[in-house]
Amino acid sequence: MVDTEGLPLAVQVQSASVQDPVGAGSVLAEAKARAPNLQLVWGDGRYQGPLVAQAAAAVGLRVEVVSKPPGQKGFVVLPRRWVIERTFAWLGKYRRLAGRDYETNPRNSEAWIKICLSNLMLRRLAKRAISKPDD
């Protein structure tokens, strides 16, 4: 789960057998714990239904599903849906995360994702520091 800038709020790697609505509860809880002021979460159509709604209500969040407009043909960028996709693209630039997942322990995969996102955030901060030196 990422914020509107594409920076991480919660990182969890779950088994492929865990469906998104089932795994959403722990991700929502982690995000709320890390960002107590968080109130609204945008998700795709997979996050509709009672499981996600109950999990969100339990931690005090509201989940809005961003769906494609009725009758849409072809590809159209949907509001807010591109944010997580952009973050996935950033992660894909790191060779360790591109392609196959070679980790056997999900915690190792989570650690690599966090390392890569930390690197990305530090590079952004360094750019700001260089472009705006203290006088």
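Predicted, not measured: the structure shown is a model, and the values here were computed from it. The residues of the chain are indexed from 1 along the displayed sequence.
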Answer yes if Leu125 and Trp90 sit in the same cluster of Ile, Leu, Val, Met, Phe, Trp and Tyr residues linked by side chain heavy atoms under 4.5 Å apart, and no otherwise.
no
From CG (Leu117) to CH2 (Trp112), nearest 0.5 Å
13.0 Å
Do the non-hydrogen side-chain atoms of Leu120 and Lys93 ever get within less than 4.5 Å of each other?
no
Would you kindly confirm whether Leu9 and Tyr47 end up in one hydrophobic cluster when ILVMFWY residues are joined by side chain heavy atoms under 4.5 Å apart?
yes
Looking at side-chain heavy atoms only, is the closest gap between Leu38 and Val59 below 4.5 Å?
no
If you take all heavy atoms of Val83 and Asp3, which pair is closest and at what distance?
CG1-O, 3.4 Å
Quick one: are Val52 and Gln48 in side-chain contact, heavy atoms under 4.5 Å?
no
Drop me the distance from Tyr94's OH to Ile113's CD1, to the nearest 0.5 angstrom.
12.5 Å
Mind checking whether Leu40 and Val65 sit in one hydrophobic cluster, side chains of I, L, V, M, F, W, Y counted as touching below 4.5 Å?
no
Non-hydrogen atoms of Ala55 and Gly25 that approach each other most closely
CB-CA, 3.5 Å
Least distance between heavy atoms, Thr4 atom then Arg86 atom:
O-NH2, 3.7 Å
For the CZ atom of Arg96 and the OG atom of Ser109, what is their distance to the nearest 0.5 Å?
8.5 Å
Under 4.5 Å between side-chain heavy atoms, counting indirect links through other Ile/Leu/Val/Met/Phe/Trp/Tyr residues: same cluster for Leu51 and Val18 or not?
yes
Flag if over 12 foreign heavy atoms under 6.0 Å of CD, Gln39:
no
Ignoring hydrogens, what is the shortest heavy-atom contact between Arg124 and Glu5? Give both atom names and the distance.
NH1-O, 3.9 Å
Looking at every non-hydrogen atom in both residues, tell me the closest pair between Pro21 and Arg46 and how far apart they are.
CG-O, 3.4 Å
For Val13 and Arg107, which heavy atoms make the closest approach, and how far apart are they?
O-NH1, 3.8 Å
